[in-house]
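Data first, discussion second: the structure below is written as structure tokens.
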There are 4 protein chains.
Amino acid sequence: MPKIVNRDKKRSEIAQKAIALLAKKGFQATTIQDIADAAGLGKGTIYHYFKTKEEILLVVSEELFHETERSFGAALLLINEPMEKLSVLIAEALKVTEDLENLFVVYTELWLMNFRCNHYKDFMGVINRLHKDMTNLVARMIDQGKKQGLWSKDTDTDALSCYLVASFDGVIAHYMMDKENFDLKRVTKEFIRFLLQHEAPKK
Amino acid sequence: MPKIVNRDKKRSEIAQKAIALLAKKGFQATTIQDIADAAGLGKGTIYHYFKTKEEILLVVSEELFHETERSFGAALLLINEPMEKLSVLIAEALKVTEDLENLFVVYTELWLMNFRCNHYKDFMGVINRLHKDMTNLVARMIDQGKKQGLWSKDTDTDALSCYLVASFDGVIAHYMMDKENFDLKRVTKEFIRFLLQHEAPKK
Amino acid sequence: MPKIVNRDKKRSEIAQKAIALLAKKGFQATTIQDIADAAGLGKGTIYHYFKTKEEILLVVSEELFHETERSFGAALLLINEPMEKLSVLIAEALKVTEDLENLFVVYTELWLMNFRCNHYKDFMGVINRLHKDMTNLVARMIDQGKKQGLWSKDTDTDALSCYLVASFDGVIAHYMMDKENFDLKRVTKEFIRFLLQHEAPKK
Amino acid sequence: MPKIVNRDKKRSEIAQKAIALLAKKGFQATTIQDIADAAGLGKGTIYHYFKTKEEILLVVSEELFHETERSFGAALLLINEPMEKLSVLIAEALKVTEDLENLFVVYTELWLMNFRCNHYKDFMGVINRLHKDMTNLVARMIDQGKKQGLWSKDTDTDALSCYLVASFDGVIAHYMMDKENFDLKRVTKEFIRFLLQHEAPKK
DNA sequence: TATGAATGAGCTTTCATTCAT
DNA sequence: AATGAATGAAAGCTCATTCAT
């Protein structure tokens, strides 16, 4: 009998190893050979686990989703905490690590590919789910803040949470575009200050 | 002399026509033949105006810069107006047209390419200039707001303007990622409301 | 000893199951995986029975030979019957079944491969034996006809039997090339009528 | 301006050069590089003239058709001659040249490919046209023979002409399968003798 | 014996770039 | 200046075959 392999696990492993490559070189410029090399496998072996190169990206996008969800898992537990924890969430999330950078680059490329959906399959399912999850998380925080009277009642919760999640992406993107000059700490601080000032004035 | 002008004009024309293609298909998937067809020229002719395919992208990125600057030109005149005009600026800019969408997609790809600078030339110069210009524009508005006492004096002008410009990109990106569900109007409205609430409380 | 018998039996079984595949897809397009699947075995197992893919074809060609011989076995018994039985033989043989179709397609491909003998092993041995057997069968019938005075004495028995066997293949081939329009029954009838008119005129 | 090329002529030229290769190696085993080498062109250049490898075969099949028609052109002029010319036609056609051999091999492969039409495009159009043309030619000869009273009135012209054309293919195939032992001359002679004996007995 | 994971040679196809006209 | 024919490097993908289990 041949070596028994957990196909899904191996798929995930290969995908994991591919992330850094995809981030650094981009989907098109990353060759199957590159991925095989990174995984320590032969070129052909990759095709035992993935039908096409695109399928690798699909699994990568799922990894990206799970990883993001996982890293927000702790924050989800904070939902019962007071609204200020939102700022902690932001601050935590904006501590951009190398892994997160890679994921963010892949995420951006996925978006572009989706925009060109006439050429690529729909990777957007994953991204939309991600956005929805994050937006819900933020929305629940805002609602809680509203309930506690810490936040103006006439806030459009949905719109604001969309805005916050979007601006979050914008900040990471701009930081990554110009790491040397973009002072992530100060911007984060201002972002949070901005947010907290938003509270209903405690008259 | 006139030759050079014509040459540059033609370069610009070709680049202009290439933008939609680059947005729709991406840099790699857009062939020289595509660009030549769009420009109504022969494939070889393109090489009379551009040394390489990448050079076309370089000119495209400059077009992108000029076009963005141009569209903000009117807004720049508003600098002497009261701070609330910032909201007008945002609202105006977030009226995303098809041309702007294309530019935004190319802009995003340029960013990705820059991130992979080991493979591509530096397109970041243009983007950084663009960010600097926009950030300055916003910063001046905030400063003016501060001077007029409409804005809290302890605001970190630089950080906030960076944040605003970044969040601006984030909003466009998220809108484009899910046009059908992302309610740009409501988000814009909330964005502005958010911003205006930021004002120093008029005690 | 019994091992060898089993081995050969299994080889034959696998080859049998491969025939339809080979007919439908062709040798090159039929993968070892296809054959393994059809045989209900693992890919690696096939290599316990065959050294190479080509060897499978070799055994298939032997199966083809045996099957053809077998189907002509009954006819061989008719040799002592009067010459008109030749027409019965033809009529019977031209009742093309699906199995025979598959065999015929494989047979044709074997011929092509043999023609390209610089690339493939010699499958012709089998085919030549087959032709020789059939030609002999037909020749004996003609000779018998001659002896009985039913057939012109100056007939070139060898040449005519070669011709008849060859034309037999041609008819099947043309029928298979255009099943819908090629009226096999009428052609068979005319073939036989043609043959019988060939008899020495009964003066 | 670039070199002006007659695309169709070049396509035809490339196809012509490909015929011998296709005959000798088969479609699958013939690589684009082989064809390019034979045509004295670069591999990429082939793709200026053909979208796919299969398209080359398509043009080859058309060449095959035209060449066959051309070689029967002279015979077509003989239609007004007495029926015995049919035998001349057969004799002429069975003088198998190397070019004809190649064409015949390609023709056989085309047939196989068509039989596997789930995998390959329909090349049969060409072959069916060819058969129809040849069958008509033969049928007209038979009819003329009938009119001149040289041929039995109750002959099924269509079926017989189908049979003759098919047997013609069978003879060439068998000859090519065993050139050394298959005595084409004697078989041709017997084929013709056979045919002529078919005449209505001149009582 | 039976298996399928692993492999890499080899294929088709694409395309930026060159260059003769 | 303008063109498109020519090119070959490079990529994705297939599959016969090997081999550890």
Side-chain angles (χ1 to χ4, degrees), chain A residues 1-7 10 27-37 39-56, chain B residues 3 6-7 10 27-37 39-56, chain C residues 3 6-7 10 27-37 39-56, chain D residues 1-7 10 27-37 39-56:
Chain A
M1 301 258 191
K3 212 193 300 180
I4 284 159
V5 184
N6 182 333
R7 276 185 81 84
K10 193 117 187 187
F27 179 68
Q28 307 234 36
T30 302
T31 67
I32 293 288
Q33 188 64 67
D34 288 337
I35 292 169
D37 290 348
L41 293 169
K43 198 182 3 164
T45 311
I46 300 298
Y47 284 90
H48 272 282
Y49 295 99
F50 301 93
K51 256 175 95 76
T52 63
K53 191 182 167 187
E54 226 168 278
E55 208 180 75
I56 302 175
Chain B
K3 287 249 171 158
N6 282 340
R7 205 184 149 77
K10 196 117 184 185
F27 179 67
Q28 307 235 33
T30 302
T31 67
I32 293 287
Q33 187 67 66
D34 288 335
I35 292 169
D37 290 348
L41 293 170
K43 197 178 8 164
T45 311
I46 298 297
Y47 283 87
H48 279 283
Y49 295 100
F50 301 93
K51 245 178 104 73
T52 65
K53 191 183 168 188
E54 230 166 271
E55 207 179 76
I56 302 175
Chain C
K3 286 251 173 155
N6 282 340
R7 203 183 151 76
K10 195 116 186 187
F27 178 67
Q28 308 236 31
T30 301
T31 66
I32 293 287
Q33 187 67 67
D34 288 336
I35 293 168
D37 289 348
L41 293 170
K43 195 177 11 163
T45 311
I46 300 297
Y47 283 88
H48 280 283
Y49 295 100
F50 301 94
K51 244 178 104 71
T52 65
K53 191 182 168 187
E54 231 167 88
E55 208 180 76
I56 302 175
Chain D
M1 301 256 190
K3 214 193 299 179
I4 283 159
V5 184
N6 182 332
R7 276 186 81 85
K10 193 116 186 190
F27 179 67
Q28 307 234 36
T30 302
T31 67
I32 292 289
Q33 187 66 66
D34 289 337
I35 292 168
D37 290 348
L41 291 170
K43 200 182 355 163
T45 311
I46 299 299
Y47 284 90
H48 271 282
Y49 295 99
F50 301 93
K51 255 176 96 73
T52 64
K53 190 182 168 188
E54 226 167 278
E55 209 181 74
I56 301 174

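In what follows, every heavy atom counts, from backbone to side chain, and hydrogens, waters and symmetry copies are set aside. The sequence lines fix the lettering, A, B, ..., with proteins before strands; numbering per chain opens at 1.
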Which is it for A:I56 and A:I32 under the side chain to side chain contact (heavy atoms under 4.5 Å, CB included) test, yes or no, and what are the steps along the way? CA-CA 10 Å; A:I56 302 175; A:I32 293 288; 4.0 Å; yes
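- C:I46 places its CD1 atom 16 Å from the P atom of F:dC15, with the value rounded to the nearest Å.
- Computed from coordinates, the A:Q33 CD to F:dA11 P distance equals 10 Å when rounded to whole Å.
- With a 4.5 Å cut-off on side-chain heavy atoms, A:T52 and A:Y47 do not count as touching.
- Mapping A:G44 and B:T45 onto DNA chain F by nearest heavy atom places B:T45 at the nucleotide closer to the 5' end.
- Between D:I32 and B:K51, the residue whose closest nucleotide on DNA chain E is further toward the 5' end is D:I32.
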List the steps, then state whether side chain to side chain contact (heavy atoms under 4.5 Å, CB included) holds for C:K10 with C:T45. CA-CA 11 Å; C:K10 195 116 186 187; C:T45 311; over 6 Å; no
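- Of the candidate nucleotides F:dA11, F:dT17, F:dT3, F:dT3 has the atom nearest to the side chain of B:L41.
- Nucleotide E:dT13 is matched to F:dA10 when pairs are restricted to Watson-Crick or G-U wobble geometry with both distances under 3.5 angstrom.
- Remark: C1' of F:dG4 and NZ of D:K10 are 12 Å apart, rounded to the nearest angstrom.
- Distance CD (B:Q28) to P (F:dA9): 20 Å, rounded to an integer number of Å.
- No hydrogens or angles were tested; on distance alone, a donor-acceptor pair under 3.5 Å links the side chain of C:K43 to the base of F:dT17.
- Across all strands, C:T31 comes closer than 4.0 Å only to sugar-phosphate atoms, never to a base (heavy-atom distances).
- At a cut-off of 3.5 angstrom, counting only N and O atoms as typed in the model, there is a donor on one side and an acceptor on the other between the side-chain of A:H48 and the base of E:dA6.
- We find that CD of B:E54 is positioned 17 Å from P of E:dC15, with the value rounded to whole Å.
- Nucleic acid contact class of D:F50 (heavy atoms, under 4.0 Å, all strands): none.
- Residues C:T30 and A:T30 each lie close to DNA chain F; by heavy-atom proximity, the contact nearer the 5' end of the strand is made by A:T30.
- For F:dA20, the paired base is E:dT3 (Watson-Crick or G-U wobble, both distances below 3.5 Å).
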Given the rule in the side chain to side chain contact (heavy atoms under 4.5 Å, CB included) test, do B:Q33 and B:D37 qualify, once you have shown the distances and angles that lead to the verdict? CA-CA 6 Å; B:Q33 187 67 66; B:D37 290 348; 3.0 Å; yes
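- Atom OH in C:Y49 sits about 20 Å away from atom P in F:dA16, given to the nearest Å.
- Judged by closest nucleotide on DNA chain E, A:R7 is the one of D:Y47 and A:R7 placed further toward the 5' end.
- Side chain of D:T52, nearest nucleotide from E:dT13, E:dA2, F:dT17: E:dT13.
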Apply side chain to side chain contact (heavy atoms under 4.5 Å, CB included) to residues B:K53 and B:F27 and explain how you reach the verdict. CA-CA 9 Å; B:K53 191 183 168 188; B:F27 179 67; 3.9 Å; yes
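- In this entry the distance linking CG of A:D34 with C1' of F:dA10 reads 12 Å, nearest Å.
- At whole-Å resolution of the value, CD in B:E55 and C1' in E:dA16 are 14 Å apart.
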